[in-house]
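Whatever order the structure lists them in is the order used to number ligands and atoms, beginning at 1.
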Amino acid sequence: MTITITAFERSPDGGKGLARDTRVRWALEEVGQPYEVRLVSFRTMKEAAHLALHPFGQIPTYEEGDLALFETGAIVFHIAERHAGLLPEHANARARAITWVFAALNTVEPPILERETARLLEGDKLWYRERLPLVEYRVHDRLKQLSTRLADADWLDGAFSAGDLMMVSVLLRLKSSGMLDEYPNLTAYVARGEARPAYTRAFAAQLAVYTGTSPPD
Ligand code: GTB
């Protein structure tokens, strides 16, 4: 059955891989599932046809036969459940890997998003300079805790899993900030994720949309 996802027709990051379709592409590449992409404009995302797929008018969405999903956590979980390669076989290890997916989305990503929102939307406010250190402190708090837990392991819980895919995707949002530099093990963890052939293919495929080049086979 054909899998179709949606992505930005024009991504604000011009193909740096920060829009959330990249994590879905990555998951599909990890499990070896081919997929098609429907590009949508900001206007199209708010129209009825797209809202029927995504009630909040966002990307990415995921369609497979009569199944339509939104939310990258749910999409990556669905892919990981249906195909081998992203979740361990053993029930407890599987539950722990799923826990890391939730931790990435619910505990680590929110302060990172808060920082982005502050920088993008509040930079002109009088209180911005006073508030930013507080927001960045919350990001560092999480990074410190995550760095301590990861220690010198390659991945968060044994073999690479959907939990690592999601955590690396979330941490990538900080790459240009320099905030990860204080945590050499997290920097290496992110680099390890980026070096995976499946990530390389996913990144190239999303970049190709904006550069007009075709992704490598
Ligand atoms: N919780 C949802 C999920 O995980 O799927 C969040 C989905 C979401 O935020 N989608 C964004 C969107 O559609 C794109 S990824 N925004 C349009 C809108 O809400 O109208 C967020 C994103 C966008 C752009 C960059 N960038 O250019 O750097 C980075 C991240």
Side-chain angles (χ1 to χ4, degrees), residues 3-30 35 37-64 67-82 86 97-123 135-136 139 142 161-180 190 193-194 199 202-212:
I3 293 170
T4 304
I5 67 166
T6 51
F8 283 137
E9 185 179 70
R10 283 209 185 91
S11 181
D13 75 354
K16 290 200 179 79
L18 299 175
R20 286 182 173 90
D21 56 292
T22 305
R23 50 184 82 166
V24 173
R25 293 172 186 269
W26 185 6
L28 288 165
E29 292 288 353
E30 288 285 349
Y35 62 96
V37 183
R38 191 169 62 251
L39 301 176
V40 290
S41 66
F42 278 90
R43 202 189 62 200
T44 310
M45 285 194 295
K46 310 303 172 195
E47 289 173 353
H50 189 79
L51 287 170
L53 296 172
H54 197 309
F56 306 111
Q58 297 183 312
I59 60 100
T61 56
Y62 175 101
E63 293 158 81
E64 185 183 12
L67 174 69
L69 296 174
F70 60 97
E71 284 297 331
T72 51
I75 297 169
V76 168
F77 181 56
H78 169 79
I79 295 166
E81 278 226 305
R82 295 297 186 286
L86 282 172
I98 294 164
T99 300
W100 280 114
V101 173
F102 279 91
L105 294 173
N106 285 353
T107 303
V108 179
E109 193 168 45
I112 294 174
L113 291 183
E114 185 61 27
R115 176 179 175 275
E116 280 175 23
T117 307
R119 289 168 58 86
L120 287 174
L121 303 178
E122 297 167 357
V135 173
E136 294 200 328
V139 176
R142 291 294 178 242
S161 78
D164 296 297
L165 183 150
M166 202 55 92
M167 192 63 82
V168 169
S169 298
V170 163
L171 295 177
L172 273 167
R173 298 187 75 143
L174 285 174
K175 207 175 164 190
S176 64
S177 73
M179 291 181 82
L180 283 173
V190 170
E194 287 181 293
Y199 178 84
F203 183 87
Q206 65 77 38
L207 179 63
V209 172
Y210 311 111
T211 57

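Checked against ring pair (Phe, Tyr, Trp, His ring centres under 6.0 Å), Y35 has no partners two or more places apart in sequence or in another chain. Taking the side-chain contact (heavy atoms from CB on, under 4.5 Å) definition, one finds that E194 meets it with L172, K175, V190, Y199, sequence neighbours left out. For H50, there are no ring pair (Phe, Tyr, Trp, His ring centres under 6.0 Å) partners at least two apart in sequence or on another chain.
Comment: E109 engages R23 in a salt bridge, judged by a side-chain N to carboxylate O separation of less than 4.0 angstrom.
A donor-acceptor contact shorter than 3.5 Å is absent between the side chain of T22 and the backbone of F203.
Classification of the H54-F70 ring pair by plane angle, with boundaries at 30° and 60°, yields tilted.
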Tabulating one pair per line, provide the atom names and distances (0.1 Å) for every N/O atom of ligand 1 that is less than 3.5 Å from a protein N/O atom.
unit_1, atom_1, unit_2, atom_2, d
ligand 1, 1 (N), E71, OE1, 2.8
ligand 1, 1 (N), E71, OE2, 3.3
ligand 1, 4 (O), R20, NE, 3.4
ligand 1, 4 (O), T72, N, 3.4
ligand 1, 4 (O), T72, OG1, 2.7
ligand 1, 5 (O), T72, N, 3.0
ligand 1, 9 (O), R20, NH1, 2.6
ligand 1, 10 (N), I59, O, 2.8
ligand 1, 13 (O), I59, N, 2.9
ligand 1, 19 (O), Q58, NE2, 3.0
ligand 1, 20 (O), K46, NZ, 2.6
ligand 1, 27 (O), D13, N, 2.8

